[in-house]
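Data block below; observations after.
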2 protein chains.
Amino acid sequence: MTSSHTPSYPQDSIGVLVGLVRGEIVRKLEAEMQAAGIELRFTQFLILKRLALMGPMSASELARAVELDGGAMTRQLDQLEGKGLLRRLPHEQDRRALRIELTPAGDAMWQQMTPCNEHVLDAAQKALNPTEREQLRDYLVRVLDALRDMN
Amino acid sequence: MTSSHTPSYPQDSIGVLVGLVRGEIVRKLEAEMQAAGIELRFTQFLILKRLALMGPMSASELARAVELDGGAMTRQLDQLEGKGLLRRLPHEQDRRALRIELTPAGDAMWQQMTPCNEHVLDAAQKALNPTEREQLRDYLVRVLDALRDMN
DNA sequence: GAATAATATTTGTCAAGGCAAACATGTGTT
DNA sequence: AACACATGTTTGCCTTGACAAATATTATTC
């Protein structure tokens with residue numbers, strides 16, 4: 001073959017770059033968790049993180065928050081409930097909905113995952129100083145808003 | 001429920017932001033293509049783009065370029081070959097490998113897709129001036145390198 | 001130069017996610 | 001109140017992609 005590894009992105013679009021960064025973050029975070037003895041996929045990490053940081057919410061709110069299909073969310077909740085990490089309770093104001101909340105075991109799991117999350121994010125931003133980190137966040141938010149405004 | 005849409009990311013990590021941007025790019029590009037009468041998924045777009053810009057290459061080179069599993073690549077090539085967009089030819093130097101190349105129909109398809117691609121990328125960067133676009137690219141490359149160096 | 005290891009492609013199997021249908025409940029209109 | 005319509009959850013179906021095994025060929029080692 002011509003070359004050996006992945007030295008690409010000399011003139012890749014930001015679309016490609018964003019995809020590569022996203023993929024690398026997912027892989028590294030899953031590797032960190034596995035190394036810590038945590039058997040969870042990236043999606044499940046996102047769900048637990050959301051619940052830990054934002055508190056109980058309905059399944060559909062959770063699905064929108066992590067950009068997951070409603071059906072897929074049902075199955076993820078099945079798994080996480082099966083592992084004892086969260087509970088499905090009836091929603092007080094809406095009898096259609098559920099109140100998804102972390103169990104103590106789920107809280108403890110989040111405590112274990114926190115260092116993995118921070119480790120990956122710190123590594124990702126290692127080559128950026130605080131000003132640059134803030135700029136990157138700002139640019140990403142502006143790109144996201146621009147895309148969502150696209151019609 | 002509490003709020004209505006997707007006004008999130010006030011304090012989301014760059015990991016979450018990158019994921020949101022990536023998802024939005026995929027959705028918008030697929031919508032653009034569909035509106036142009038092109039029945040292709042994002043992955044197939046990436047494969048054709050790669051072949052159009054970099055010329056013929058082996059299936060495994062292609063798989064590495066678009067970060068796709070080898071088995072998945074085989075099936076994508078089946079589909080794209082079935083649509084007459086590319087050909088599998090024997091590789092001159094390596095009898096294990098294939099030489100994947102676009103057909104004239106594949107070239108024509110790329111010509112049709114180009115405006116979709118540019119439209120989405122322009123929209124994404126609409127709120128960034130040229131200097132900021134260059135900075136964003138630079139930051140993303142540095143983040144990607146930092147993640148890959150992580151051990 | 002034979003044996004061993006590495007790589008390219010294909011196929012089978014499985015998990016995950018999107019879409020649509022079904023059903024329950026909530027919201028709004030008249 | 002009755003109606004239509006929207007939303008929340010679940011389930012079935014299908015596609016996609018990762019992983020592993022099988023086979024063919026190339027590269028490396030002794």
Partners passing salt bridge (Lys or Arg N to Asp or Glu O under 4.0 Å) against A/Asp107 (at least two apart in sequence or in another chain): none

Identify the two heavy atoms, one from A/Ala59 and one from A/Met73, that lie closest to each other, and give their separation to 0.1 Å. O-CG, 3.8 Å

Report yes if at least one side-chain N or O of [X] is closer than 4.0 Å to OP1 or OP2 of [N]; otherwise report no.
X: A/Ser60; N: D/dT9; answer: yes
X: B/Thr43; N: D/dG17; answer: yes
X: A/Arg96; N: D/dA6; answer: no
X: B/Arg88; N: C/dA8; answer: no

Identify every side-chain donor-acceptor pair in residues 15-27 of chain B under 3.5 Å, counting partners at least two apart or on other chains, and give the distances.
from	atom 1	to	atom 2	distance (Å)
B/Glu24	OE1	B/Arg27	NH2	3.1
B/Arg27	NH2	A/Glu67	OE1	3.3

Among the candidates D/dT10, C/dA24, C/dG17, find the nucleotide nearest to the side-chain atoms of A/Leu98. D/dT10

Could you list the donor-acceptor pairs under 3.5 angstrom formed between side-chain atoms of residues 119-128 of chain A and any protein atom two or more places apart in sequence or on another chain?
from	atom 1	to	atom 2	distance (Å)
A/His119	ND1	A/Glu32	OE1	3.0
A/His119	ND1	A/Glu32	OE2	3.3

What residues 73-83 of chain A contributes to the DNA chain C interface at heavy-atom separation below 4.0 Å is A/Arg75, A/Gln76, A/Gln79

Considering the terminal five base pairs at each end of the helix from C/dG1-D/dC30 to C/dT30-D/dA1, what angle separates the two local helix axes, rounded to 10°? 30°

Non-hydrogen side-chain atoms of B/Trp110 and B/Leu51 separated by less than 4.5 Å: no

Could you identify which residues of residues 24-41 of chain A place a heavy atom less than 4.0 Å from some atom of DNA chain D, listed by residue number, or say none? none

